[in-house]
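Encoded as structure tokens, the structure appears first; notes follow it.
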Amino acid sequence: MDNVGIVVDDLEAAVAFFVELGMELEGKAQIEGPWADRSVGLDGVRCDIAMIRTPDGHGRLELAKYHTPAAIDPGPHNPPHNTLGMHRVMFAVDDIEDVIARLRTHGAELVGELAQYEDSYRLCYVRGPEGIIIALAEQLN
């Protein structure tokens, strides 16, 4: 897998959220032209993208802010966890409570609550900017 794409309205807020999570901004670009139109099946594409990567360099997210055509609002910004479609990206973290606290400064909130699975993991789901849901997993000894 090369990357996961997420369409956002506030590109800077989304970048700041994922950088706080420990990802690194790889670069930004504006995408437009006939090749872009053909590849995504839309006419008149003009969007700004930000590529961010995990610190180990193995995973990337492409955040896209569409200027034209305008992004379509899919409905509620806080859909329940069992909504069809892409549902979350999970990140392994060393200190889950610290990460939650830092993400809250970017408007994040827990979807449920911090839970422990046996003696293996502490897990939670977090809703960030644009209603993006991520999962956090802290492996226990």
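FYI, the numbering just counts along the sequence from 1.
For the pair Asp43 and Pro69, the minimum side-chain heavy-atom distance is 4.5 Å or more. Between Val8 and Pro129, every side-chain heavy-atom pair lies at or beyond the 4.5 Å cut-off. You'll find the side chain of Leu114 reaches within 4.5 Å of the side chain of Glu97, heavy atoms only.
Scanning both residues, Phe17 and Ala108, for their nearest heavy atoms gives CE1-CB, 3.7 Å.
With hydrogens and angles ignored, the 3.5 Å screen pairs a side-chain donor or acceptor of Glu138 with a backbone N or O of Ile96. Using modelled atom types, no side-chain atom of Asn3 and backbone atom of Leu61 make a donor-acceptor pair closer than 3.5 Å. With hydrogens and angles ignored, the 3.5 Å screen pairs a side-chain donor or acceptor of Thr68 with a backbone N or O of Gly44. Panel note: side chain Glu130, backbone Asp9; a donor-acceptor pair is recorded below 3.5 Å.
There is a path of hydrophobic side-chain contacts, each under 4.5 Å, that joins Phe18 to Ile100. Both Leu21 and Val4 are members of a single hydrophobic cluster when ILVMFWY side chains are connected at heavy-atom separations under 4.5 Å. Follow the hydrophobic side-chain contacts under 4.5 Å out from Val126 and you reach Ile52 in the same cluster. Hydrophobic clustering of Ile, Leu, Val, Met, Phe, Trp and Tyr side chains at less than 4.5 Å, counting indirect connections, unites Val19 with Val93. At a threshold of 4.5 Å between side-chain heavy atoms, the hydrophobic network of Ile, Leu, Val, Met, Phe, Trp and Tyr places Tyr117 and Met90 in one connected group.
In this structure, CE in Met51 is found 6.0 Å from CG in Asp2, a value given to the nearest 0.5 Å. Rounded to the nearest 0.5 angstrom, Ile72 CD1 and Tyr66 OH are separated by 10.5 Å. Put simply, CG on Leu136 and CZ on Phe91 are 8.5 Å apart, with the number rounded to the nearest 0.5 Å. Separation of atoms OH (Tyr125) and CG (Leu110) is listed at 13.0 Å; rounding is to 0.5 Å. Taken to the nearest 0.5 Å, the CZ atom of Arg122 stands 8.0 Å off from the CG atom of Asp95. Between the CD1 atom in Ile133 and the CZ atom in Arg88 there is a gap of 10.0 Å [rounded to 0.5 Å].
Pairs passing the side-chain hydrogen bond (donor to acceptor under 3.5 Å, both in side chains) check and including a residue from residues 13-30, sequence neighbours excluded, read Glu12-Lys28, Glu20-Arg102, Glu20-His106, Glu24-Arg53, Glu26-Arg53, Glu26-Arg60, Gln30-Asp48.
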Show your reasoning for whether side chain to side chain contact (heavy atoms under 4.5 Å, CB included) applies to Ile49 and Ile31.
-> CA-CA 7 Å; Ile49 65 164; Ile31 305 299; 3.9 Å; yes
Could you give me the CA-CA distance, side-chain angles and deciding distance for Leu63 and Val7, then say whether side chain to side chain contact (heavy atoms under 4.5 Å, CB included) is met?
-> CA-CA 6 Å; Leu63 304 173; Val7 176; over 6 Å; no
Pair Arg127-Val111, side chain to side chain contact (heavy atoms under 4.5 Å, CB included): steps then yes or no = CA-CA 6 Å; Arg127 188 180 316 276; Val111 172; 4.1 Å; yes
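The number of heavy atoms from other shown groups lying within 6.0 Å of CG (Asp56) is above 12.
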